[in-house]
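Everything on this sheet refers to the single structure shown next.
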Amino acid sequence: MDFQLESTYLPTGDQPNAIEKLAISIDQQNPHQTLVGVTGSGKTYTIANVIQKTQLPTLVMCHNKTLASQLYQEFRDFFPHNAVSYFVSYYDYYQPEAYIPQTDTYIEKKADINPEIDKFRLTTTANLLTRPDTIVVASVSCIYNIGSPLDQEKNLLPLAKGQIISRDTVLMRLSDLQYTRTNSELTRGMYRAVGSTVQLFPSYKDVIISMNFGGSALENIEILDPMNFTRIADKDLDNTGFLTIHPAKLFITDPKTQGDAIANIRKDLETQVRVFKDAGKIIDAYRLEQKVNYDLSMLEEVGYISGIENYSRYFDGRLPGEAPYSLFEYFHYNAKKFNKPGFLTVIDESHISLPQIRGMYNGDQARKENLINYGFRLPSAKDNRPLTYTEWQSRTPIKLYVSATPTEHEMSLSSGSKIPTIAEQLIRPTGLLDPEVEVRPTVGQIDDLTKEVIKRKEKGERTLILTMTKRMAEDLSDHLKEKYGLKVEYLHSDIHTIDRADILEKLRLGDFDCLVGINLLREGLDLPEVSLVAILDADKEGFLRTPTSLIQTMGRAARHVNGHVILYGDKISNSMRIAIDETLRRRKIQTDYNDKHGITPIGISKPIRERMMKRNEIAPAPRIKELAEHGWKEIEDVNPEALTPQKKKLLVAKLKKRMNEAANSWNFELAARYRDTIKKLQ
């Protein structure tokens with residue numbers, strides 16, 4: 001299927017020229033091109049048009065999850081008939097494994113995996129293996145090791161109605177694909193068998209696949225709603241009678257090569273233990289033997305372990321030091337499979353994303369050095385790593401850098417390319433200008449700022465306030481709430497991925513009037529209701545107050561017709577002067593264009609999209625099968641005497657799951673009711 005862009009508007013201003021220039025350059029396989037576009041000029045729409053013109057599978061890389069979430073939704077709306085995927089780190093909380101030799105402190109890996117994001121990641125690789133019309137919006141974490149696409153392809157399970165295949169064979173294959181068998185409630189990544197029926201909840205879709213067997217044949221396949229198990233339509237299955245089941249995890253061990261991999265791990269273990277003993281490090285040698293032998297025992301028993309990625313080199317067949325497989329191998333696989341001349345990599349907000357890509361490798365290697373030197377990991381753990389910047393460059397043959405403030409690095413690459421290509425996009429389709437900027441002293445700044453926030457609130461407008469630290473953001477939020485009764489929230493890196501999107505949505509809806517943050521309020525946040533951006537300590541030179549940071553931050557007010565920026569500082573720093581001058585330059589170009597074409601600026605009216613990922617909703621108690629069977633309407637009605645020991649055990653498991661879901665959704669009252677019923681059953 002071709003990429004089919006759907007939109008209610010057409011390219012305007014300097015968009016047509018940028019689209020044509022970039023598309024021609026990419027069609028000629030130019031390795032580097034840059035789009036310089038101000039906030040609100042429709043850079044995403046320009047990229048969407050370039051994708052449609054070039055018809056290349058596309059990876060869009062972002063420097064944070066919030067921006068990736070927003071872009072994913074925008075591209076999904078532009079390409080409703082194509083495979084648009086979302087690929088970011090699936091950790092809500094991540095504490096990497098580490099060792100601090102100075103204090104003899106071992107820090108075990110701790111992680112809270114978000115199952116919804118895990119589903120999106122698996123959907124991404126499934127699309128790249130099977131769809132030519134794939135767009136992936138990813139964070140820079142996509143440069144990390146995720147396993148080989150060839151291993152994923154080898155482990156696909158194709159099934160068709162009427163296929164000669166036994167129930168037991170399918171069950172064994174599902175176990176090989178790392179699905180877990182259950183006899184109770186079916187959740188993502190699990191399957192169960194009841195008589196001649198096998199039901200699977202795949203890791204990458206919100207459906208149940210129900211398979212009915214007769215003798216040695218698969219008689220029927222149905223797609224069911226996971227909530228009520230009613231049949232739902234599936235275009236591919238209904239048209240072809242065929243579907244493919246993908247593995248439950250990105251790291252899959254091939255049983256045929258697992259023996260060789262384990263043998264090589266044992267060989268390297270013996271070598272490293274000998275190195276430790278020769279150096280007199282008896283404790284380190286013992287520690288490593290215990291750790292690796294336990295992992296190998298688990299691998300031989302169940303075929304998978306937590307932390308299997310640390311042994312990925314052995315299963316991938318890579319040499320020491322060789323680059324790991326990453327999402328880019330899936331794109332190369334996709335382009336080759338569907339006869340495309342290559343794929344496009346878009347680096348959004350490149351002035352932030354490129355430094356992140358450069359820095360990830362060194363940080364990862366430094367942490368693992370201690371783990372290896374003190375017997376917590378084999379040296380091969382170093383090969384489970386992100387790509388180096390050079391490796392990333394070599395794996396992305398066609399790059400499009402996108403930024404309102406690209407650095408000299410992107411500009412020099414694009415201007416020195418075989419076809420020098422830099423497209424500038426300063427005109428907004430709505431005629432909106434860059435905001436007016438003024439500088440105010442720090443004396444009495446909080447009282448002054450409060451008055452400005454109240455003015456915007458009375459007009460139904462919103463305010464963003466930028467502070468230097470998390471503590472300052474939290475304290476200022478509390479102060480504005482308690483002293484002035486304003487509705488204020490704060491946003492910084494401690495806020496979970498999904499919660500960040502929720503907070504931004506509530507700001508747009510008017511649930512509160514002012515959002516206080518640090519650097520998370522810069523690139524790509526689409527908040528057309530914001531008319532004022534206030535930056536505290538604007539004259540403090542540093543990472544958060546560079547010309548680039550200031551220009552990007554001030555641009556958050558450029559989507560409102562009354563856009564205004566206040567910089568609080570006691571002097572005009574060099575960074576402030578550069579940022580103000582650039583804003584004035586752009587504002588003059590935009591004003592001249594509007595005057596020439598008779599355009600009156602109008603504010604953006606942008607609908608609020610449905611949330612990409614919703615919090616788990618707690619089903620009411622009557623939906624629990626055991627309650628309905630006994631006519632119990634509320635969980636408090638449960639009578640333990642009416643249940644067999646087995647049914648008590650199953651009901652306790654279900655209620656514990658519901659209790660955790662209620663607590664995670666802050667419904668503590670309901671969680672307490674579940675807890676009390678569990679105690680009664682136990």
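Scope of the values below: all heavy atoms of this structure, side chains included, with no hydrogens, waters or symmetry mates.
Using a 4.5 Å heavy-atom threshold, the side chains of Leu387 and Pro324 count as touching. No side-chain heavy atom of Pro397 sits less than 4.5 Å from a side-chain heavy atom of Gln29. A heavy-atom distance below 4.5 Å is not found between the side chains of Arg428 and Arg559. The shortest distance between side-chain heavy atoms of Val561 and Thr430 does not fall below 4.5 Å. Residues Val565 and Thr583 are not in side-chain contact: their nearest non-hydrogen atoms beyond the backbone lie 4.5 Å or more apart. Glu541 has its side chain within reach of Ser575: a pair of non-hydrogen atoms, C-beta onward, lies under 4.5 Å apart. Between Leu129 and Gln152, some side-chain heavy-atom pair lies under the 4.5 Å cut-off. Between Asp234 and Val207 there is no side-chain heavy-atom pair separated by less than 4.5 Å.
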Should Asn64 and Glu349 be marked as a side-chain contact (heavy atoms from CB on, under 4.5 Å) after you check the CA-CA gap, both sets of side-chain angles, and the distance that decides it?
-> CA-CA 10 Å; Asn64 70 47; Glu349 306 297 353; over 6 Å; no
Check step by step if side chain to side chain donor-acceptor pair (under 3.5 Å) holds for Glu391 and Tyr361.
-> CA-CA 11 Å; Glu391 290 167 345; Tyr361 172 81; over 6 Å; no
Take Asp513 and Arg456 through the test salt bridge (Lys or Arg N to Asp or Glu O under 4.0 Å) and record every step on the way to the result.
-> CA-CA 8 Å; Asp513 314 301; Arg456 268 67 187 185; over 6 Å; no
Step-by-step salt bridge (Lys or Arg N to Asp or Glu O under 4.0 Å) determination, Lys53 to Glu20 | CA-CA 9 Å; Lys53 277 183 169 290; Glu20 190 66 22; 3.6 Å; yes
Verify salt bridge (Lys or Arg N to Asp or Glu O under 4.0 Å) between Arg585 and Asp581, making sure each step is shown before the conclusion.
-> CA-CA 6 Å; Arg585 180 187 79 86; Asp581 289 347; over 6 Å; no
Dump the intermediate steps for side-chain contact (heavy atoms from CB on, under 4.5 Å) on Leu504 and Gln70, then the final yes or no.
-> CA-CA 11 Å; Leu504 295 173; Gln70 178 181 303; 5.9 Å; no
List the steps and the verdict of side-chain contact (heavy atoms from CB on, under 4.5 Å) for Met61 and Thr345.
-> CA-CA 7 Å; Met61 293 182 67; Thr345 302; 4.0 Å; yes
Worked check of side-chain contact (heavy atoms from CB on, under 4.5 Å) between Phe328 and Cys142 | CA-CA 8 Å; Phe328 304 100; Cys142 67; 4.0 Å; yes
Side chain to side chain donor-acceptor pair (under 3.5 Å) between Thr46 and Gln425, intermediate numbers included | CA-CA 9 Å; Thr46 295; Gln425 200 167 285; 2.8 Å; yes
Working for salt bridge (Lys or Arg N to Asp or Glu O under 4.0 Å), residues Glu505 and Arg508 | CA-CA 5 Å; Glu505 180 182 303; Arg508 293 198 60 198; over 6 Å; no
Derivation of the side chain to side chain donor-acceptor pair (under 3.5 Å) call for Thr405 and Gln552 = CA-CA 8 Å; Thr405 53; Gln552 289 280 355; 3.3 Å; yes
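A donor-acceptor distance shorter than 3.5 angstrom exists from the side chain of Lys65 to the backbone of Ser89, with no hydrogens or angles considered. Under the 3.5 Å distance criterion, the side-chain polar atoms of Tyr204 are matched with a main-chain donor or acceptor of His246. Although no hydrogens or angles enter the test, the distance criterion places a donor-acceptor pair under 3.5 Å between the side chain of Gln73 and the main chain of Ser69. Remark: the backbone N or O of Phe79 is not paired with any side-chain donor or acceptor of Asp77 at under 3.5 angstrom. Between the side chain of His332 and the backbone N or O of Arg395 there is at least one donor-acceptor pair closer than 3.5 Å. Side-chain N or O atoms of Asp14 include one that pairs as donor or acceptor with a backbone N or O of Ile427 at under 3.5 Å.
Going from atom OG1 of Thr123 over to atom NZ of Lys205 covers 8.5 Å, rounded to the nearest 0.5 Å. The distance from the SG atom of Cys514 to the CG atom of Leu449 is 7.0 Å, given to the nearest 0.5 Å. From Leu56, atom CG reaches atom CZ of Phe343 across 10.0 Å, with rounding to the nearest 0.5 Å. Note that the CZ atom of Arg556 and the CD1 atom of Ile535 stand 11.0 Å from one another [nearest 0.5 Å]. Taking CG of Leu22 as the start and OG1 of Thr54 as the end, the distance is 10.0 Å to the nearest 0.5 Å. Atom CG of residue Leu527 and atom CZ of residue Arg462 lie 10.0 Å apart, to the nearest 0.5 angstrom.
Closest non-hydrogen pair, Arg131 versus Asn334, comes out as O-ND2, 2.7 Å. Listed here is the closest heavy atom pair of Pro132 and Phe338: CB-CG, 3.5 Å. Closest of all the heavy-atom pairs between Ile422 and Ser414 is CG1-CB, 3.8 Å. Contact between Gln15 and Leu10 at its shortest, heavy atoms only, is OE1-O, 4.3 Å. Across Ile398 and Asn30, no two heavy atoms sit closer than the pair CG2-O, 3.6 Å. Shown here for Val84 and Tyr72, the closest heavy-atom pair between the two residues is O-CE1, 3.4 Å.
Between Glu461 and Lys455 no salt bridge is recorded (no basic side-chain N to carboxylate O distance below 4.0 Å).
Side-chain polar atoms of Gln33 and Ser417 form no donor-acceptor pair below 3.5 angstrom. No donor-acceptor contact under 3.5 angstrom links the side chains of Ser531 and Asn562, judged on distance only. A donor-acceptor contact under 3.5 angstrom links the side chains of Tyr389 and Gln393, judged on distance only. Between the side chains of Gln590 and Asp434, at least one donor-acceptor pair of N or O atoms lies under 3.5 Å. Side chain to side chain, Gln55 and Lys340 fail the donor-acceptor criterion of an N or O pair below 3.5 Å. Ser403 and Glu410 form no side-chain donor-acceptor contact under 3.5 Å, judged by distance and modelled atom types alone. Side chains of Arg358 and His409: a donor-acceptor N/O pair is present below 3.5 angstrom, by distance only. At a cut-off of 3.5 Å, with distance as the only test, a side-chain donor of Ser139 or Ser141 sits close to an acceptor on the other residue.
When the shell of 6.0 Å around NZ of Lys487 is examined, it contains 12 or fewer heavy atoms from other residues, nucleotides or ligands.
Taking the six-membered ring wherever Trp is involved, the centroid distance between the rings of Tyr45 and Phe78 falls below 6.0 Å.
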